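Quick note: numbers below take in every heavy atom, side chains included, and nothing from hydrogens, waters or symmetry partners. These figures come from a predicted structure and were not determined experimentally.
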Amino acid sequence: MSGYPTDEERRENHEEGTDIWSRRKFLTYTLGGSGAVLAAGMLGAAPFAKDAMTVNAATYGGGNGGPGSECSPFTTKQFSSVASMKAASCPEGIVVRTSSYYEIANGAAESPRGGTIYRIVARSEYDALRGNALGPTDARNGSGCIDHLLASGNVAVMFRDGAVDLAAVGLREQSDAYAAGNSAAFQAALAYPLPVLIAYGTYAFGSESIADLGQNGELDISGECRFRLAAGKIVNTDTNYGNHTAILRVQGGKRFSIRGVAFDGNRDGQTYPATRNSFGRGTVPRRTNGVLEVCPSGSAYRTQLAIVERCTFENAYLSGAMFIQSDNVIIRNNYSSDNTINGFGGAGFGSLLFEGNISRRDGWSDIYTSDRYEGDRAQLQIREWPKDYTAATEGIPVIAIAESERNKQIVVRGNTCDQAGVIGIFVRSCEQCLVTDNTIRNTGYKRRSGSYSPTAIWGDFGKFTISGNDVITQAVQPGDMLPDGIRVVGFTGNGIDRTGGPWISMRGRYYSIVSDNRIACGQTFGTGAFDDNASKRLLNNKGVIITSQCLVRGNVIEGCANIPIEAINDDNFSNEALRDIGICGNEIFNTTGSSVINLRSYGSPAGNPRNFDISGNKVYDVRSATAGSDARQMVQFSPAWVTVEVQDVTVADNRFYCLNTGDATKNYGGVRFRGSSGSRGIVIRDNQFFDTLNAVRTESFAELGIRGNTVRNGLRLLYADISTGGDAGKLSIDGNNCSGITSQCVNLNAGASGKILSEFTAIGNSWSGSGSTYSGVTPGVSPAAYNMDRNIDTMTTRIVPRRTFSGVPAFNAQHLGEIVRSADGPADYIAVQVGTGAGDWRIL
């Protein structure tokens, strides 16, 4: 049989016919039909077989190696260990078998492991085939761990017709005493390399092992096993803090997969600095250090596909698994716990599917607490890869780039995260990210200080869809910070690699959606009724925090001690004012925050706040523990906007219900609008305000419409407080139904400084209650026009606004029918048109 396949055989295997073979194809056909030898990256090996070579299937095995195969007659010898095999005289051409890799000194305490089959070949044939010498210093040929030089001078070549057990290349179980030998044997297996490795048992490692797969190499590792970093292998002090030891690093390659392996970082067995907060290999160590690391090859090739399934990552000194500049990554059905920084993380992804993973207490450590360092920590943390990170700065191979790498497509689906130290899921700088159907419980384990609260889901700079997640806070440890639910920071402008960061390489405007999530803390059911105040738990801080270009829709938010929904300009790059916000169809209840929906301004942004749609929300069971003013609002516009033109605001079809505690001073106001006298397009319509204080409170405006609202048992429908300055323009109060009003239906307070109302219409309203209809409608400067028509007024004190004049006023004909009052007589008059000119009217 020829030592290499014919063109016909190549065609059958969908390969090109060529005399120049890749090393992997050559060794696949010469060392076994399974293709178990991967030669990619082996420098110096022969690129093709020579015609004179005698290496053939009879020597290396082309079938199953048993009797009746091409290598018959089947000659075999049995040895107890590799050492006994190496000491024996084994002629070439035979098959030998070992019972164990090592001699078994105590059969009762130690079981045989690593027995396998070898074929004996001449040393000259082996060297010609491999293109280099076999010896303990040559890792490419296994350092004597895989293929063995015998006393006779021949070579025992491991028969590989499928996956290779790591025990068969010299790994030993359990004890840290084996760590040095295990690391050497594992490195030999990875450097050989063997593309399919399996392992069973627990192995300790004293140093990191590296598989450099080049451009097209492949590696699969599987088994029900545990890889544990030996104690004392990461030793950091305040004067020497740049150390990190991974267990396995995979560099480049066409495909890498690992299944069923548990990685144990043994963090309690490592040495942390006494006082230094940032330590570990690399510029920002939490972004690159893991017990499993995947990064580009030394020849600057990305890992094309990485698959991590059914693995465990726990007790990492820094992070569990980290992926740097990888094309496509699948992380599915894994478990991570008790990792100091992240369970999983990385930067510069082409795509990532993170699905079905379970995390417990990632991002915290009793040794290295979250009080000492304010960096992000998470079950999953994804960031951009900065352009100024190099192999020298990070201690791993990286690819030089002209602009920092954002992430292209991230899908985070169906994961469970419990008691994350700081953040459950964090994704930053992403063109397209979907976070859906995840369950995140009790975020913020032992987080007790920080510039922001712990957060269940955080999307930072990019386009995000965060939908259908459950965020639940069932308990908060004493002293821990209350967590936020979901935070989304959009992106607007030009963020091209600013010096010193952020390093985001993005341009344009990205829109995000936060929809159909549940953020809750549940109820405590005791002896009282289920809706008693005593049964309400307030274990969340804020519910949803967003920036511009975001739609918040259909969420259920419960149990917030602070603001359930807050929108704030992100102050990124363009420093643009808050805009393009939709807060629609949400259900918000059980809160005591300073406001329920808060529109807040940060810094000194350029432009006008505009395009806000706050519609269809149901807000109820909100209350304050103490009495106070109506500074607490259902919808709060930023106090910074009193001098800014706010444009195009709709607050419509909402139900705003306060908890009726019997003490109205503890209730909330409805909508507090703030804007300058140029603010226009402001419509507040068809809302229900039950047991609120002021249903609407405003500063200045150019146009304000309050239409079709229902107010029950409140102080006022409208309190227009313009006494601090500014003007109010056109005000329309039409079709509102107000009952139980205890103060005034409409209070226009301009004091002595504000010019109030170019036009004021109040048509088709129903007023009833124990207060008065109007207050302060006649300011220092009267409005140009009133139109008060078809209102039903049954207030205890009915006041009808009148303009007052002395002498003969000069009304325009458009004000026909207006009721006016003379300052020099007690009578009220109606203006009647008698002509078409400006003064063609008379008093009826």
Side-chain angles (χ1 to χ4, degrees), residues 308-313 320-321 323 329-337 339 342-346 349 351-363 376-383 407 409-428 430 432-445 453-460 462-475 483-489 512-522 539-546 550 552-559 586:
V308 181
E309 293 183 315
R310 297 186 295 101
C311 293
T312 296
F313 298 89
F323 302 81
V329 177
I330 298 172
I331 303 173
R332 179 186 287 141
N333 299 336
N334 302 280
Y335 176 75
S336 63
S337 72
N339 298 294
N342 305 306
F344 300 87
F349 286 88
S351 72
L352 168 65
L353 172 60
F354 188 81
E355 181 177 46
N357 302 286
I358 297 173
S359 166
R360 182 177 182 272
R361 292 187 181 179
D362 281 331
D376 301 327
R377 305 175 183 198
Q379 175 191 23
L380 173 68
Q381 182 183 170
I382 305 301
R383 287 181 170 268
N407 303 288
Q409 185 179 46
I410 306 293
V411 176
V412 182
R413 179 172 61 208
N415 304 282
T416 300
C417 176
D418 195 2
Q419 294 180 289
V422 181
I423 299 173
I425 296 167
F426 180 94
V427 180
R428 173 181 163 100
C430 187
Q432 191 173 32
C433 178
L434 172 64
V435 181
T436 185
D437 296 327
N438 302 283
T439 298
I440 302 178
R441 299 187 184 94
N442 302 323
T443 305
Y445 184 74
S453 297
T455 305
I457 300 173
W458 190 321
D460 201 48
K463 177 184 176 183
F464 299 94
T465 299
I466 300 177
S467 179
N469 302 282
D470 272 2
V471 177
I472 306 170
T473 306
Q474 297 164 308
D484 293 335
I486 297 172
R487 180 184 292 261
V488 176
V489 177
S512 295
I513 297 173
V514 180
S515 67
D516 303 312
N517 303 283
R518 183 173 70 113
I519 301 171
C521 64
L539 301 181
N540 293 310
N541 182 43
K542 296 180 182 180
V544 176
I545 304 102
I546 60 171
C550 191
V552 180
R553 179 186 63 206
N555 302 281
V556 177
I557 304 173
E558 182 261 335
N586 303 282

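- Between D470 and R441, every side-chain heavy-atom pair lies at or beyond the 4.5 Å cut-off.
- The backbone N or O of N442 sits nowhere less than 3.5 Å from a side-chain atom of D418 that would complete a donor-acceptor pair.
- N342 places a side-chain N or O within 3.5 Å of a backbone atom of A378 that can act as its donor or acceptor partner.
- Minimum interatomic distance between P454 and T443 (heavy atoms only, all atoms of both residues): CB-CG2, 4.1 Å.
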**Study point:** Verdict with supporting geometry, F354 and N415, side-chain contact (heavy atoms from CB on, under 4.5 Å)
**Key:** CA-CA 8 Å; F354 188 81; N415 304 282; 3.4 Å; yes
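- Rounding to the nearest 0.5 Å places CD1 of I466 at 10.5 Å from CD1 of I513.
- Residues I472 and R518 form a side-chain contact, since some pair of their non-hydrogen atoms from C-beta on lies under 4.5 Å apart.
- Across all their heavy atoms, Q379 and S336 have their closest contact at CG-OG, 4.4 Å.
- To the nearest 0.5 Å, atoms CD (Q432) and OG1 (T465) are separated by 7.5 Å.
- Looking only at distances, no side-chain donor or acceptor of T473 sits under 3.5 Å from a matching main-chain atom of V471.
- The CD atom of Q409 sits 9.5 Å away from atom SG of C433, with the distance rounded to the nearest 0.5 Å.
- Here OG of S359 is found 8.0 Å from OH of Y335. Values are rounded to the nearest 0.5 Å.
- Nearest heavy atoms, R332 versus L353: NH2-CD2, 3.4 Å.
- Here CG of D460 is found 5.0 Å from CZ of R428. Values are rounded to the nearest 0.5 Å.
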Practice item. Step by step, work out the side-chain contact (heavy atoms from CB on, under 4.5 Å) result for I331 and L352. Key: CA-CA 8 Å; I331 303 173; L352 168 65; 3.9 Å; yes
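- Put simply, the side chain of D484 gets close to the backbone of K542: a donor and an acceptor are under 3.5 Å apart.
- For E558 against C521, the heavy-atom pair with the smallest separation is OE1-N, 2.8 Å.
- Of the possible donor and acceptor atoms, one in the side chain of N357 sits under 3.5 Å from a partner among the backbone N and O of N333.
- Between the side chain of N438 and the backbone N or O of V412 there is at least one donor-acceptor pair closer than 3.5 Å.
- For the residue pair S515 / S467, a side-chain donor-acceptor distance below 3.5 Å is found, with atom types taken as modelled.
- Taking CD1 of I440 as the start and CG of N517 as the end, the distance is 9.5 Å to the nearest 0.5 Å.
- No side-chain donor-acceptor contact under 3.5 Å links N339 to the backbone of D362.
- When every heavy atom of V544 is checked against every heavy atom of I546, the shortest pair comes out as CG1-CG2, 3.6 Å.
- A donor-acceptor pair is defined here as one N or O able to donate and one able to accept, closer than 3.5 Å; such a pair exists between the side chain of N555 and the backbone of V514.
- Using modelled atom types, no side-chain atom of N334 and backbone atom of T312 make a donor-acceptor pair closer than 3.5 Å.
- Although no hydrogens or angles enter the test, the distance criterion places no donor-acceptor pair under 3.5 Å between the side chain of D437 and the main chain of R413.
- Minimum interatomic distance between F349 and G345 (heavy atoms only, all atoms of both residues): CZ-O, 4.3 Å.
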